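Structure first, then comments.
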Amino acid sequence: MPEGHVIHRLAGQYDVAFAGAVVSVTSPQGRFADSAALLNGRHLVDTDAYGKHLFLNFDDDRAVHVHLGLYGKVTFDRSPAPEPVGLVRMRLEGSGRYADLRGPAACDVMSHEQVAAVVDRLGPDPIRTDADSELAWERLQTSRSSIGSVLMDQRTFAGVGNIYRAEVLFRARVNPHREARAVRRRTFDAMWDDLVTLMRVGVRDGRIDTVLPEHEPEAMGRAPRDDRHGGEVYVYRREGQRCFVCGSKVRLEDMQGRTLYWCPRCQRR
DNA sequence: AGGGCATGGGCAT
DNA sequence: TGCCCCTGCCCTG
């Protein structure tokens, strides 16, 4: 489930497990072998998360930059680490624990200057306390795209993915096709505040929950769902099912190559 | 066994 | 706007 909340959670887990420790770094799969050899036995100082990018900061101006993409996963467990199962790109081990990274879109070593360049390309991240939402608002003003597209643009909202995009639009009752620059300030503020709340809850719980108490399964006489992404949501992957609020059928469509879910009645133009 | 699909994004065109 | 990459799971046959 790699939207921003997962990355921030991982940063915390890597930090708890390894910060301040000397760690062994290996690449059982081999694709990160040269870099692993470079870092092996060094000190992991701390970690950072910005949008969907994770940084493991080692001493001597070296950081591991990880982007999970669609499939990347990390598992943590106590040492001793067993023989790697599947394709493990990077294994860290130290302080009685190990962490295996599988399937990332990116895993490479960077200088802090290179890290800064990556971060510079990102918009404000609602999970970070140093985020400046004004920068996202300014981007909306100069955009020619729909609000549905802009919410997925990492230069505008870092860390927002397809689930938070769909859910925050639904909760604000905003039609995904509305021009981004036509969104009112009050509506933008409400969506930003909602992202801050929802994504931080996501970091805390390790899942995405967006449904208000009055619409929860128990309140509605429905059975709780157990979907692949873990949480309870209004529209994401609920195409063809009834909207919890108005009873209309949730719609699915392709928006610039990504699947968009929305309620045509609650989110009228 | 094999195809399609997924919470993402970089690159060529 | 497509095409491609990362991997695993679920569906079909």
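This is a predicted model, so every value here is computed, not measured. All values below were derived from every heavy atom in this structure, side-chain atoms included, with hydrogens, water molecules and symmetry-related copies excluded. Numbers restart at 1 for each chain; the letters A, B, ... are given by sequence-line order, proteins then strands.
Rounded to whole Å, the separation between the C1' atoms of B:dA1 and C:dC6 comes to 22 Å. To the nearest whole angstrom, the two P atoms, one in B:dC5 and one in C:dG2, are 16 Å apart. The C1' atoms of B:dG10 and C:dG8 are separated by 22 Å, rounded to the nearest whole Å. Separating the P atom of C:dC3 from that of B:dG4 is a span of 14 Å, rounded to the nearest Å. Across the P atoms, B:dT13 and C:dC5 are found 15 Å apart, a figure rounded to whole Å.
Side-chain N/O atoms of A:Ser79 and A:Glu93 include a donor and acceptor closer than 3.5 Å. Side-chain atoms of A:Asn162 and A:Arg165 form a donor-acceptor pair, as typed in the model, at a separation below 3.5 Å. Checking A:His43 against A:Asp60 by side-chain atom types alone, no donor-acceptor pair falls below 3.5 Å.
Minimum atom distance to the side chain of A:Gln256 is reached by C:dT1, of the listed C:dT1, C:dT7, B:dG8. Checking B:dG9, B:dG8, B:dA6 against every side-chain atom of A:Tyr261, the shortest atom distance belongs to B:dA6. Side-chain atoms of A:Gln154 lie closest to B:dG9 of the nucleotides C:dT7, B:dG9, B:dA6. Of the candidate nucleotides C:dC6, C:dT1, B:dG8, C:dC6 has the atom lying nearest to any side-chain atom of A:Tyr71. When distances run from any side-chain atom of A:Arg102 to the nucleotides C:dC6, B:dA6, C:dG8, the shortest one goes to C:dG8. The side chain of A:Lys52 approaches B:dG9 more closely than any other nucleotide in the set B:dG9, C:dT1, B:dA6.
Below 30°, between 30° and 60°, or above 60°: for A:Phe188 and A:Phe157 the angle between ring planes is between 30° and 60°, a tilted geometry. Between A:Phe18 and A:Tyr14, the ring planes are tilted. Angles from 30° to 60° get that label. Taking the six-membered ring where the residue is Trp, A:His5 and A:Tyr164 present perpendicular rings, their angle passing 60° and hence far from 30°.
Nucleotide B:dG2: paired with C:dC11 (Watson-Crick or G-U wobble, both distances less than 3.5 Å). With a cut-off of 3.5 Å on both Watson-Crick or G-U wobble distances, the partner of B:dG9 is given as C:dC4.
A:Leu151 places its CG atom 12 Å from the P atom of B:dG8, with the value rounded to the nearest Å. Between A:Leu87 atom CG and C:dC6 atom C1' the separation is 10 Å, expressed in whole Å. The separation between A:Arg237 atom CZ and B:dT7 atom P is 7 Å, rounded to whole Å. A straight line from CZ of A:Arg155 to P of B:dG8 spans 16 Å, rounded to a whole angstrom. Separating the CD atom of A:Glu3 from the P atom of B:dG9 is a distance of 9 Å, rounded to the nearest angstrom. Put simply, NE2 on A:His8 is 15 Å from C1' on B:dT7, counting in whole angstrom units. Atom CG of A:Leu70 and atom P of C:dC4 are 16 Å apart (whole Å). In this structure, A:Leu68 places its CG atom 13 Å from P of C:dG8, rounding to the nearest Å.
Nearest heavy-atom pair, A:Pro176 versus A:Leu260, reported as atom, atom and distance to 0.1 Å: CB-CD2, 3.5 Å.
Remark: A:Arg238 is not positioned above the aromatic ring of A:Tyr236, lacking an NZ or CZ atom under 6.0 angstrom from the ring centre and at most 45 degrees off the axis.
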Side chain to side chain donor-acceptor pair (under 3.5 Å) evaluation trace for A:His177 with A:Gln267: CA-CA 10 Å; A:His177 299 285; A:Gln267 297 169 263; over 6 Å; no
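Within 4.0 Å of A:Gln29, counting heavy atoms only, lie sugar-phosphate atoms of the nucleic acid but no base atom. In this structure, A:Arg258 reaches the bases: a heavy-atom distance under 4.0 Å links it to at least one base atom across the strands shown.
OP1 or OP2 of B:dG9 has at least one side-chain nitrogen or oxygen of A:His67 nearer than 4.0 Å. Side-chain N/O atoms of A:Arg31 include one lying less than 4.0 angstrom from OP1 or OP2 on C:dC6.
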Can you name the atoms? Protein N/O to nucleotides 10-12 of chain B N/O, anything below 3.5 Å, with the distance.
none

